[in-house]
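Quick note on labels: first sequence line is chain A, next is B, and so on, each numbered from 1. When reading the values below, keep in mind they use all heavy atoms of this one structure, side chains included, and skip hydrogens, waters and symmetry mates.
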2 protein chains.
Amino acid sequence: MQGYDKYAYEPFAVTVDLAVLTLRAGALHVLLVERGLEPYAGRWALPGGFVLPRESAETAARRELAEETGLSDVSGLRLEQLRTYSEPDRDPRMRVVSVAFTALLPDPPEPHGGGDAAQARWLPYDPGRPLAFDHDRILADAHDRVGAKLEYSCLATAFCPPEFTLGELQNVYETVWGVTLDRPNFRRKVLTTPGFVEPVPGAARLTGGRGKPAALYRAGDATSLHPPLLRPPREGRPA
Amino acid sequence: MQGYDKYAYEPFAVTVDLAVLTLRAGALHVLLVERGLEPYAGRWALPGGFVLPRESAETAARRELAEETGLSDVSGLRLEQLRTYSEPDRDPRMRVVSVAFTALLPDPPEPHGGGDAAQARWLPYDPGRPLAFDHDRILADAHDRVGAKLEYSCLATAFCPPEFTLGELQNVYETVWGVTLDRPNFRRKVLTTPGFVEPVPGAARLTGGRGKPAALYRAGDATSLHPPLLRPPREGRPA
DNA sequence: CAGCTTTATAGTCGTAACGACTATTACTCG
DNA sequence: CGAGTAATAGTCGTTACGACTATAAAGCTG
């Protein structure tokens, strides 16, 4: 950066891309938009758009998130920078550098049509689905990152509504990691980690489904998990 | 990104900034360059520069790293993307979006003057030192990230020469974290983690200093630490 | 309504991991 | 040759965790 005044430089277009994840019906879903124009017309792509002249990438990402999801209040949502993608040919038309973000939503805010997208929909997360540009790689990176952050942060509550049961919280881990966890052990771990969750005062319980009604919890004030909640080590590689 | 063809967009300058860390004489050092021109003339700044038209940010970062350190072979070094900084006013002259990278060097490759910088030097890491632009924040973010990655990755060996003693490896942790660790326990943890380090075959030992000569090890083929090597929990916040 | 299924919650037991220590070995330095 | 220093070996008690059993409280099914 000290070389400003000597180097010639080329201007780039700067965009943001959003990997917005949620849990619908026990399966991980992603917010995708269908491209109407070439290149990649008809292909699914991550929502996103240009960073405006007076915006930071974070601001632009939050604006796009509101536009694409149609949510009235996006201010409380966690929006985390993932990484920046800058391969010279990632867009065939021009030089585009894209800052990717990850967001996690509690409940499926119904599809929506807002924003400028031809069509925006929640689709099940499928690592094999080819997306426009390098978006499949961005999405895979986002999935990896979220999976890793579940281990040592309290991020999982971001997938849950304000009040949730431990079963719902466990579903977050199981769905994102693609494993099943032992329920009593999960419960013990979460409850003995100070600040991870706190019981809802009114002794409120959630009933309605089958089985014994579950106690309700809220996210606590802790932000990191010490010690972490490790996912079971993969078979084939010793721990 | 689907909005290309409708939105007008503003071109940005894209740069890379490098937080290059090393251990000199048991203290964490950073590679800094002294700015010759306004703004921030005379201030220390992170090395970096513009991304050229046909480069990715990663390529540009590696090029800059070679130029600034004067190292002949930079290809083996770990260069990791940290985060992108895009506040509209981070550079008073123009709109600059900067992709920041972190690199870790084993041994202090002597200062150097290569590249276009007025002066490049290793200075002790000091969170209080004001740097040009938002570079003090970038540097702080890099330090945080490296500290966190030491816990669950084998990154620490990147600070060490190809063959190192367990004492040197422990120094990496102690220096970056700013704590002291129990030597036998550290040793046990490192040696019982498969693939973290492997002994150098020839039963080579490093002598020369005071004390008993230490056995030499190399980095193993593992890349992540399962279970992690947690830093001691801060006092004041219960674990 | 009885009994099955389902889900939440309580608790046990054995082991692995880890923090805090002590002891011993093998060097250099004065 | 001792004193100091750093590496290595090993012990002990506690915590954390995986695997598992048991009980409680709901809905469902006939």
Once you round it to whole Å, what is the distance between [atom2] of [N] and [atom1] of [X]?
| X | N | atom1 | atom2 | value |
| --- | --- | --- | --- | --- |
| A:Leu230 | C:dA17 | CG | P | 12 Å |
| B:Phe186 | C:dG19 | CZ | P | 12 Å |
| A:Leu229 | C:dA17 | CG | P | 17 Å |
| B:Glu151 | C:dA17 | CD | P | 18 Å |

> Under 4.0 Å between a side-chain N or O of A:Lys189 and OP1 or OP2 of D:dC17?
Replying inline: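 For D:dC17, OP1/OP2 do have a side-chain N/O of A:Lys189 under 4.0 Å.
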
> Sequence neighbours excluded, which residues qualify as side-chain contact (heavy atoms from CB on, under 4.5 Å) partners of A:Gln170?
Replying inline: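 Per chain and number, A:Gln170 pairs via side-chain contact (heavy atoms from CB on, under 4.5 Å) with A:Glu174, A:Leu181, A:Arg183, A:Phe186.
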
> Rounded to the nearest 0.5 Å, how far does NE2 of A:His135 lie from CG of A:Leu139?
Replying inline: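 Those atoms lie 10.0 Å apart.
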
> What is the distance from atom OG1 of B:Thr223 to atom OH of B:Tyr152, rounded to the nearest 0.5 Å?
Replying inline: 10.5 Å

> Do B:Arg218 and B:Pro201 come within less than 4.5 Å of each other through their side chains, counting heavy atoms only?
Replying inline: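 Touching, per the 4.5 Å side-chain cut-off.
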
> Given the rule in the side chain to side chain contact (heavy atoms under 4.5 Å, CB included) test, do B:Ile138 and B:Leu82 qualify, once you have shown the distances and angles that lead to the verdict?
Replying inline: CA-CA 9 Å; B:Ile138 298 179; B:Leu82 177 63; 4.1 Å; yes

>> So if I take the C1' atoms of five pairs at each end of the helix from C:dC1-D:dG30 to C:dG30-D:dC1 and get each local axis, what angle do the two axes make, rounded to 10 degrees?
In response: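 For the helix from C:dC1-D:dG30 to C:dG30-D:dC1, the axes at opposite ends meet at about 10°.
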
>> Given A:Val172, which partner from the list A:Val146, A:Leu28, A:Leu23 fulfils the side chain to side chain contact (heavy atoms under 4.5 Å, CB included) test?
In response: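 Exactly one candidate clears the test, A:Leu23.
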
> How does each nucleotide of nucleotides 2-12 of chain D score, in 5' to 3' order, for protein heavy atoms under 4.0 Å: base (B), sugar-phosphate only (S), or none (-)?
Replying inline: ---BBBBBBB-

>> Determine whether a donor-acceptor pair (N or O, by modelled atom type, separation under 3.5 Å) exists between the side chain of A:Gln81 and the backbone of A:Glu58.
In response: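 Checking the backbone N and O of A:Glu58 against the side chain of A:Gln81, no donor-acceptor pair under 3.5 Å is found.
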
>> For the residue pair A:Asp141 / A:Tyr85, report whether a side-chain donor-acceptor contact shorter than 3.5 Å exists.
In response: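 Their side chains do contain a donor-acceptor pair, which is all the 3.5 Å distance test asks for.
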
